[in-house]
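The block underneath contains the structure these notes are about, expressed in C-alpha cells.
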Amino acid sequence: MAASVLPSSLLGSANASSGKRPNLVFVFPDQWRGQALGFLNEDPVVTPHLDAFARESLSLPQTVANYPLCSPYRGMLMSGKYSHANKVTGNCRADRAQYDVELQQDEVCWSDVLKSQGYSLGYIGKWHLDAPREPFIDANPKWNTWCPPERRHGFDYWYSYGTYNDHNRPMYWETNAGRDEYHFVDQWSPEHEANKAIDFIGNKDGTKRDSEKPFALVVAMNPPHPPYHLYPDRYRKPYADKSLEDLLVRPNVDPAHPKAEANTRDYFASVTGVDEQFGRILKALDDAGLKDDTIVVFTSDHGDCLGTHGEVSKNNPFEESMRVPFLIRWPGKIAPGSDNLLLSTPDLYPTLLDLMGFADEVPESVQGNSHAGIFRGEGGDRPSSQLYLRMSSDQPERGTRGVRTSRYKLVLEVGETGPPRRALYDLQEDPYELEDIAAARPDLVAELVRTELKPWLRKTQDPWVQHLPEVS
Ligand code: CA
C-alpha cells in the first residue's frame, strides 16, 4: 500500500513530517535544586557533565515545580494536570490511601500516548505514585509499595520502587517480579540505575526493549535526596577542604542552622556523583549512535532549601524549593541557549509530545500548555506566571496557593481563622526573598490576584477559588 493512501491517523505527524520519531531519555534526580548547576555560578557545585550538556542544550532556569514535593510533582509530570485535578494532592503514603492519593489507573499519561504510538518504554528508579495499602511490604512499609503492571502506564521495562532511601543498598522490583519479589543491591543507587539505563539504551541482548521501535526511558534517581551522607567517598573530594563560607554562599542561609553545613557539603557531593552518572548515560547514547535521534531532558521533582529561610528541605514556595533544573537537548532541532520561559510542571507532557510529533494526541484533559514552538525557535505564547500549590489531602480546597511572575511572588495561605495570610516578594530587587512586602503593597497583592492567580484558579478549576473574596 502506498503511503499516500494510508489514513493520516495511522501516519502520525512525526512520521508525516520527518519520517522518523525521536527517542526520549528523561532523567530527573530527586530534590536537585535549580541553583545547583555549576554553569549557573550560583551554588559552588562541580558538575562538569551537566556543564558540557548545557552547552548543547536549551536551558530554562526559571522552571519550577509548582507543588515542590515528591508525589505531587510526579503526578503533574505524568498526568499534565495540576494536583487538585489529578488526585495526587500529597505524598503517596499509607495514611493518605483513604483519600485515594495516587496516580489514577485510568489517567491517560504521556507514556500511555507513546505506548499507543508504538514506542518501547522503560522506567528506572523512584516512582512514588502508588498508595501503600495492607498487607504492606516489609521495606519502608508505610511509604513504599509495589506498582503492579496494570498501573505502569505503558512502561514495558520496569526497574523501580515506590520510595526507599538507603542509597547505598537500594531495592527494586524488576519487570516480572511479583509483589514480594523485590531485591536489594549493594551499590550506590544512581550508579546502579545508570548501569541499567546503559543496558536499556544499548539493548545488546535484545531483551530490554524492542529495537525496531523508538523508545522512551525515564531515569528517576533518588540522590541528592536525603539521607545526604549516603554516597561514595570519592565524590566528597571537591568539597572536603571548602570552608563554611565557601559552601554557604547564599545570604538567606543561617550558618548556625544545625544542619546547614553537613547537609550542604554532602548534598553538593551527591550532586557531583549524580552528574557523573548522568554523563555515563549520555556516553551510552553516543556509543549507540543515538545522540542525534534522542531528546534528552534533565530536571528534578523539586529543590532543597538546605537551611535557607530556616527551612530544612522542600514543600515551601521559596526559590530554593521551587526552582528546578531544566535542560533539553535535541541536536539540530533545539538550538542550544538559555531562555527565561516560565515553564510549569504540567507543561512538560504536552510540550514533549508536541516536540515528538504527537501534538494531536494530547488529551483534552491535560491542563498544561505546549511550549514546543518556543523550544524550536518558532516562538509562541508565553505564560506570565506560574502557579504555586500546597494542600492537605483531606481538604484540597484549603492550603496555600500563589503565583510566581518574572518579577514577583505572591503566596496566600489559608489558616484556621481569618483571611489567608499573605506574603509578597520582589524577586528582582530581593532575589533571596529576605523582605516580605505584602503589607506595604496591598495594591500589588490585589493586582496579582486579579491578573494572575484568579485566572489560574479558573483555568485549573481549583476549589481554592472560594477563598478569593477573603483576599480582596
Ligand atoms: Ca522528591
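Just so you know, ligand 1 is whichever comes first in the structure, and atom 1 is the first atom listed for that ligand.
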- request: Name all residues meeting the salt bridge (Lys or Arg N to Asp or Glu O under 4.0 Å) criterion together with Arg234; count only those two or more places apart in sequence or in a different chain, and write none if there are none.
  value: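 Result, salt bridge (Lys or Arg N to Asp or Glu O under 4.0 Å) vs Arg234: Glu191, Glu276.
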Sidechain-backbone polar pair: Ser344 side chain, Pro346 backbone, donor-acceptor under 3.5 Å: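 Side chain of Ser344 to backbone of Pro346: no pair is present.
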message: Are the side chains of Tyr161 and Asn222 in contact, using a 4.5 Å heavy-atom criterion?
response: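 Answer yes - side chains close enough.
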task: Tell me whether the guanidinium CZ or amine NZ of Lys409 lies under 6.0 angstrom from the six-membered ring centre of Tyr425 and within 45° of its axis.
output: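 No.
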- request: Taking the six-membered ring of Tyr239 (Phe, Tyr or Trp), confirm whether the NZ or CZ of Arg265 is under 6.0 Å from its centre and within 45° of its axis.
  value: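 No, Arg265 does not sit over the ring of Tyr239.
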- prompt: Is the Trp127 ring parallel, tilted or perpendicular to the Phe155 ring (thresholds 30°, 60°)?
  reply: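 Because their plane-to-plane angle is over 60°, the rings of Trp127 and Phe155 count as perpendicular.
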query: Can you count the protein N, O or S atoms that lie less than 3.0 Å from the Ca ion (ligand 1)?
result: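 That number is 5, waters not included.
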